[in-house]
Structure formats: C-alpha cells, structure tokens
2 protein chains.
Amino acid sequence: MPRNRRPQDRDEKRDEIVRAAELLFTRDGFAETPLSKVASAAGVTTNTIYWYFADKDALLVGVLDRVLHEALAEAAALPDRPWDEQLLWALARLQRYHRLVTVVHARANSSKVIDSWHTGFHDLADAMLVEGFREAGAAEDDLLLRAQLAVFVIEGLLMHPHDESAARSMLRLLVPTAS
Amino acid sequence: MPRNRRPQDRDEKRDEIVRAAELLFTRDGFAETPLSKVASAAGVTTNTIYWYFADKDALLVGVLDRVLHEALAEAAALPDRPWDEQLLWALARLQRYHRLVTVVHARANSSKVIDSWHTGFHDLADAMLVEGFREAGAAEDDLLLRAQLAVFVIEGLLMHPHDESAARSMLRLLVPTAS
DNA sequence: ACCTGAACACCGTTCAAGT
DNA sequence: ACCTGAACACCGTTCAAGT
C-alpha cells in the first residue's frame with residue numbers, strides 16, 4: 001500500500017482552493033461567491049472542491065484556519081509593545097476579515113463546523129487577551145471579563161465603519177493603565 | 001379615482017406576511033427559510049410576496065422595523081429604573097432577535113436597504129444610549145463613545161451564548177456610577 | 001390593484017463513470 | 001486516489017395572464 005503517495009500535491013491543491021476562497025470570500029462575501037467561482041479561480045472544476053471539503057461551510061473553516069494562523073504568525077513576529085497598541089494592531093490586522101466575522105456569526109447558528117470553529121476561536125482569543133490584560137496590570141478577578149469585553153468591542157469595531165481615533169479611544173477605555 | 005380603495009386590507013395582508021416572516025426568520029434563520037415557507041405560513045402564494053416587497057431583503061427590513069417598534073413600545077411603557085437595569089432589560093428583550101442581529105451585519109455588506117436600516121438603527125440606539133448615560137451621570141465628553149461601546153457589548157452578548165451573571169457584570173463595567 | 005401558474009437562472013450537492 | 005460531466009433539488013425572481 002502506497003502510504004504518503006503524494007501528500008505534497010494533495011496539500012498544495014487544497015491550499016490553492018483555500019487561497020482562492022479566501023480572496024473571494026473576504027472581497028465579495030461568502031454567500032455572494034458561488035463555488036463555481038472558487039473552482040475556476042483555483043483552476044479546478046466545481047465538483048473537485050468536494051473531494052477536499054465536505055461542503056461549502058467546511059471550505060469556509062479552511063479559510064478561517066488559514067487566516068487565523070497567518071495573523072497569529074505575524075503577531076508573534078512583532079516586537080513587544082504597550083498593550084493598547086497591541087489591541088490596536090490586532091484591530092487593524094483583522095480589518096480585512098470583517099466580512100468573515102459577520103458570516104461566521106450568522107452561520108454559526110446553522111452549521112455545526114462553523115459553530116465549533118467559532119467556539120474555539122473565542123477560547124483562544126479570550127486566553128490570549130487574558131494574558132495581555134494580566135501583563136498590563138488588570139485586576140486578577142475580572143481578567144476574563146475584560147478579555148471577553150475587549151473581544152466584543154473589537155468585533156463590533158470590525159463590523160461597523162469607524163475612524164481610527166474612535167477605535168483608539170474606545171480601546172483605551174478598556175485598558176486599566178490608561179489615564 | 002378610488003383613493004384609499006382598501007388600504008386596511010392591504011396593510012393587514014402585508015402585516016400577515018411580515019408576522020409569518022418574523023416567526024420563521026427569528027426561529028429558523030433568514031437564509032434558512034425560503035420565501036415559499038413564509039408564503040404558505042401567511043396563506044399566500046410565493047409570488048404574492050413580491051407584490052408587497054421588492055425582494056427578500058426588503059421583507060427582512062419589514063420584519064426589522066416591526067420588531068424594533070414593538071420593542072421600543074414595550075420599553076416606553078416601562079417604569080423608570082436604574083440605568084444598568086435598563087440595559088439589562090434591553091439585552092433580555094432583544095435576545096429573541098439574535099439571529100436577526102447576525103444576519104443584518106452579514107447582509108449589510110451586500111444589500112443597500114439592509115445597510116440603510118442598519119445605519120439608522122445605530123443612529124437611534126446611539127442617541128438613546130447617550131441620553132441614558134447622560135442621566136446616569138457619565139462625563140459629557142465621552143457620552144457617545146460610551147453609548148457606542150455599550151451597543152457593541154450588547155450586540156456581542158446577543159451573538160454569543162452567555163449566562164446572566166456574566167452579562168450583568170459586563171454591563172456594570174460600562175456604567176459610571178457602578179462601584 | 002392584486003394575485004397566480006409557469007418558467008428562468010442560479011447554485012449547492014451528488015453520483016456514476018472515468019483515469 | 002483523484003477528477004469530471006451530467007443531473008437533481010432547491011430557491012429567488014420575473015412575467016404574462018388572469019380578476
């Protein structure tokens with residue numbers, strides 16, 4: 001039996017599909033881009049997508065995983081900065097995914113895979129923000145509350161047009177060390 | 001020319017369609033309920049909906065207007081209460097519309113009518129919350145900021161499962177007079 | 001003015017058939 | 001294992017035709 005027959009090829013093709021979907025989902029929207037467009041952008045036929053993904057929602061999860069890991073890698077490579085600037089950086093970095101934010105919330109109610117991804121994302125985000133607020137000197141007993149609140153505010157800013165200064169002062173309200 | 005030929009009938013039928021749509025959109029979701037189900041629940045044929053609404057998005061706006069006005073009427077009939085309890089009441093009252101919240105954000109990116117409704121909703125919500133925070137004794141220069149922040153937090157709570165106590169303490173964080 | 005039956009275009013998904 | 005052509009089911013929307 002040929003174990004690992006051509007795992008590289010398989011992953012590469014899967015990746016091409018995900019990359020095509022990422023571009024289209026973030027630019028045009030998830031409901032607005034038919035799988036046929038993803039397929040032609042990836043240079044495959046529509047049905048081929050179903051060899052790599054169970055359905056359209058599973059493809060969205062593939063996109064979500066990819067963009068999350070990319071953003072995390074970029075964040076990790078960054079020099080240390082004050083906590084409120086880190087939050088501001090995250091907000092700016094995630095701005096390009098605002099259409100994914102809305103569709104994840106909308107489809108989490110109907111799709112099991114997206115609901116699972118969404119739960120996992122918040123677990124991760126909460127954990128990271130708890131750590132950030134702890135280092136920023138927030139009181140130990142409302143760390144999780146502050147983290148969840150910050151996530152809601154960032155999501156809110158992502159989903160609503162706003163100017164930089166409004167975002168800045170809104171996030172400052174959440175940081176304990178701010179004046 | 002028969003002015004007002006049967007305006008009552010027209011409004012009544014329109015209302016039946018909206019009520020049927022409200023039930024199905026809030027319970028099963030907007031994308032998940034075909035117009036055929038709305039139609040049969042309202043006792044009309046699918047195409048009849050198009051006599052009253054330009055398209056499915058316009059019907060959603062009809063539902064949004066209806067539920068908003070109802071919630072506002074209920075709120076107006078309430079006795080005066082401390083500000084944080086009013087926020088908590090609003091959160092509980094709007095909980096049943098959490099599926100509408102997510103879909104409005106998702107479709108505001110693609111649909112003009114929904115985007116307009118969404119903008120108008122936030123203008124109204126911000127104005128009401130500014131007034132509430134003013135009466136609650138918030139500093140005059142960050143009233144709007146606090147209002148927008150409170151709206152984001154309430155939307156965040158609506159879109160994510162949470163227990164009552166978490167919501168309570170999160171909203172308390174926003175109210176200036178809280179300890 | 002109001003309603004309907006029938007049709008159209010589109011899209012997610014499946015499946016039998018290929019290599 | 002991987003890919004495709006063809007078909008299916010569904011759904012939003014339109015339109016000519018009725019009253």
Side-chain angles (χ1 to χ4, degrees), chain A residues 1-18 20-21 24-25 27-63 103-104 106-114, chain B residues 1-18 20-21 24-25 27-63 103-104 106-114:
Chain A
M1 56 193 156
R3 203 169 59 98
N4 276 352
R5 219 175 55 87
R6 282 210 253 157
Q8 200 117 352
D9 280 11
R10 174 165 177 78
D11 289 359
E12 272 170 21
K13 183 155 268 180
R14 203 195 110 108
D15 223 55
E16 276 170 41
I17 296 172
V18 171
L24 294 166
F25 289 172
R27 194 191 61 189
D28 303 336
F30 175 74
E32 289 75 11
T33 71
L35 288 180
S36 62
K37 281 198 181 166
V38 176
S40 70
V44 296
T45 206
T46 303
N47 319 352
T48 301
I49 295 180
Y50 284 88
W51 183 256
Y52 294 90
F53 300 94
D55 53 25
K56 203 185 180 189
D57 288 318
L59 174 57
L60 176 56
V61 170
V63 171
V103 81
V104 162
R107 290 214 50 71
N109 288 297
S110 311
S111 161
K112 188 76 188 313
V113 279
I114 294 185
Chain B
M1 55 192 156
R3 200 169 61 99
N4 276 352
R5 218 176 53 90
R6 284 209 253 156
Q8 200 117 352
D9 281 10
R10 174 167 177 76
D11 290 358
E12 271 169 21
K13 183 153 269 182
R14 202 194 111 109
D15 224 53
E16 275 169 41
I17 296 173
V18 171
L24 294 166
F25 289 173
R27 194 191 61 188
D28 303 336
F30 176 73
E32 289 77 9
T33 71
L35 288 180
S36 60
K37 281 198 183 169
V38 177
S40 69
V44 297
T45 208
T46 303
N47 319 354
T48 301
I49 295 180
Y50 284 86
W51 182 257
Y52 294 90
F53 301 93
D55 53 24
K56 203 185 179 188
D57 288 318
L59 173 58
L60 177 56
V61 170
V63 170
V103 81
V104 163
R107 290 213 51 71
N109 289 296
S110 310
S111 161
K112 189 78 189 310
V113 277
I114 294 186

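Order of the sequence lines fixes the chain letters, A, B, ..., with proteins taken first and strands second; residue numbering starts at 1 for each chain.
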**Asked** Roughly, in whole Å, what's the span from CD1 in B:Ile17 to P in C:dC2?
**Response** 11 Å
**Message:** Looking only at the side chain of A:Tyr50 (C-beta and beyond, no hydrogens), which of the listed nucleotides C:dG12, D:dC2, D:dG12 gets closest?
**Reply:** C:dG12
**Asked** Would you say C:dC11 has OP1 or OP2 under 4.0 Å from some side-chain N or O of A:Lys37?
**Response** no
**Message:** Tell me the interatomic distance from B:Asp28, atom CG, to D:dC10, atom P, rounded to whole angstroms.
**Reply:** 16 Å
**Asked** Counting just side-chain N and O atoms, does B:Thr45 come under 4.0 Å of either OP1 or OP2 of C:dC3?
**Response** no
**Message:** Only pairs with both distances under 3.5 Å count, Watson-Crick or wobble alike; so what is the partner of D:dT14 in this structure?
**Reply:** C:dA6
**Message:** Could you walk me through whether A:Val63 and A:Phe30 satisfy the side-chain contact (heavy atoms from CB on, under 4.5 Å) test, starting with their C-alpha distance in whole Å, then the side-chain angles of each, then the deciding distance to 0.1 Å, before giving a yes or no?
**Reply:** CA-CA 11 Å; A:Val63 171; A:Phe30 175 74; over 6 Å; no
**Message:** From C-beta outward on A:Pro34, which listed nucleotide comes closest to its side chain: C:dG12, D:dT4, C:dA1?
**Reply:** C:dG12
**Request:** Starting at atom CD1 of B:Ile49, determine the distance to atom P of C:dT4, rounded to an integer number of angstrom.
**Result:** 11 Å
**Asked** For B:Lys13 and C:dT4, what is the distance between atoms NZ and C1' respectively, to the nearest whole Å?
**Response** 12 Å
**Prompt:** Within this structure, what is the CG-to-C1' distance between B:Asp57 and D:dT13, rounded to whole angstrom?
**Reply:** 12 Å
**Request:** Would you kindly give the CZ-to-P distance between A:Arg107 and C:dG12, to the nearest whole Å?
**Result:** 11 Å
**Asked** Under a 3.5 Å cut-off for both distances, is C:dT19 Watson-Crick or wobble paired, and to whom?
**Response** D:dA1
**Prompt:** What integer distance in Å separates B:Leu59:CG from D:dG12:C1'?
**Reply:** 12 Å
**Request:** Dump the intermediate steps for side-chain contact (heavy atoms from CB on, under 4.5 Å) on A:Asp15 and A:Glu12, then the final yes or no.
**Result:** CA-CA 5 Å; A:Asp15 223 55; A:Glu12 272 170 21; 5.5 Å; no
**Request:** Output the single nucleotide from C:dT13, C:dT4, D:dG12 whose closest atom is nearest the side chain of A:Leu35.
**Result:** C:dT13
**Item:** Interatomic distance, B:Leu24 CG vs D:dC11 P [rounded to whole Å]
**Value:** 13 Å
**Request:** Check whether any side-chain N or O of B:Arg10 sits under 4.0 Å from OP1 or OP2 of C:dC2, and answer yes or no.
**Result:** yes
**Request:** Name the closest nucleotide to the B:Trp51 side chain, picking from D:dT13, C:dA1, D:dT4.
**Result:** C:dA1
**Asked** Do we get A:Lys13 above A:Tyr52's six-membered ring, with its NZ or CZ under 6.0 Å from the centre and within 45° of the axis?
**Response** no
**Message:** Any side-chain to backbone donor/acceptor pair from B:Ser111 onto B:Ala108? Under 3.5 Å, distance only.
**Reply:** no
**Sugar-phosphate only, base, or nothing, as touched by B:Phe53 at under 4.0 Å among non-hydrogen atoms** = nothing
**Asked** Taking OP1 and OP2 of D:dC3, is either one under 4.0 Å from a side-chain nitrogen or oxygen of A:Tyr52?
**Response** yes
**Request:** Could you walk me through whether A:Val61 and A:Phe53 pass side-chain contact (heavy atoms from CB on, under 4.5 Å), step by step?
**Result:** CA-CA 10 Å; A:Val61 170; A:Phe53 300 94; over 6 Å; no
